[in-house]
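Note that the structure is a prediction, hence the values are computed from the model and not measured.
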Amino acid sequence: MSRDFLLEHFGTKAMIARFCEETGFSRAQISGPQRRQPLVEARHELFRRLYATGRLSLSQIGRMFDKHHSTVLHGIRQAEERMSPQGKR
């Protein structure tokens with residue numbers, strides 16, 4: 001394995017760990033099937049942040065959380081919509 005791959009991999013793990021600390025949700029909760037609104041919104045935001053790094057594809061993010069790439073894309077779009085001035089909430 002290349003050094004860059006290892007740095008990206010561990011950087012991603014650290015980013016997920018920090019996000020879990022920030023939100024109070026565990027990695028298992030983020031990866032799980034629960035659909036409570038606060039958890040879903042956190043999951044979507046994590047997908048958005050991971051994709052925004054440019055290091056991971058939708059499919060790679062999906063594999064990390066046992067989700068289909070289209071689910072990841074939908075989550076990213078939902079997170080972006082919530083962030084927009086005209087977005088939900």
Side-chain angles (χ1 to χ4, degrees):
M1 281 185 230
S2 74
R3 181 176 179 272
D4 290 336
F5 173 81
L6 291 173
L7 286 173
E8 288 180 13
H9 177 71
F10 289 113
T12 300
K13 284 179 122 178
M15 185 175 177
I16 294 167
R18 281 193 308 272
F19 183 83
C20 288
E21 286 177 19
E22 176 184 316
T23 62
F25 293 113
S26 70
R27 169 75 186 254
Q29 288 174 305
I30 296 285
S31 299
Q34 292 182 1
R35 293 168 53 178
R36 292 185 347 242
Q37 186 173 359
L39 176 58
V40 170
E41 289 180 2
R43 182 183 298 138
H44 291 171
E45 177 60 18
L46 179 57
F47 291 167
R48 187 193 69 76
R49 290 183 191 186
L50 290 170
Y51 191 66
T53 66
R55 293 188 267 182
L56 299 168
S57 69
L58 296 172
S59 294
Q60 289 171 315
I61 295 168
R63 281 191 297 273
M64 291 172 69
F65 295 97
D66 197 27
K67 307 289 182 204
H68 193 268
H69 74 275
S70 62
T71 301
V72 174
L73 178 59
H74 175 74
I76 291 168
R77 288 178 175 161
Q78 291 293 303
E80 289 173 345
E81 186 175 322
R82 279 191 291 276
M83 291 174 56
S84 75
Q86 298 82 25
K88 297 176 184 175
R89 302 204 299 139

If we ignore hydrogens and angles and just use 3.5 Å, is the side chain of [X] paired with the main-chain N or O of [Y] as donor and acceptor?
X	Y	result
R82	R77	no
R63	L58	no
K67	S59	no
S31	A28	no
Q29	S26	yes

Original post:
Under a 4.5 Å cut-off applied to non-hydrogen side-chain atoms, are M15 and T53 in contact?
Top reply: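 Heavy-atom side-chain distance check passes, below 4.5 Å.
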Subject >> Shortest non-hydrogen contact between F65 and L46, atoms and distance >> reply: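 Closest pair (atom of F65, atom of L46, distance): CZ-CD2, 3.6 Å.
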Original post:
Would E22 and R49 pass as an ion pair if we require N to O under 4.0 Å?
Top reply: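 Yes, charged N to carboxylate O under 4.0 Å.
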Original post:
Are E21 and R18 ion-paired here, with the side-chain N under 4.0 Å from a carboxylate O?
Top reply: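 Answer for the salt bridge query: no.
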At what distance, to the nearest 0.5 angstrom, does [atom1] of [X] lie from [atom2] of [Y]?
X	Y	atom1	atom2	result
F47	M64	CZ	CE	9.5 Å
R35	R43	CZ	CZ	9.5 Å
M83	H44	CE	NE2	14.5 Å
L39	I30	CG	CD1	5.5 Å

Subject >> Heavy atoms from other residues, nucleotides or ligands near CZ of F25 exceed 12 (cutoff 6.0 Å) >> reply: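 Atom CZ in F25 is packed in, count exceeds 12.
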Would you give me the side-chain donor-acceptor pairs under 3.5 Å for residues 68-76, sequence neighbours excluded?
residue, atom, partner, partner atom, Å
H68, ND1, S70, N, 3.1
H68, ND1, S70, OG, 2.7

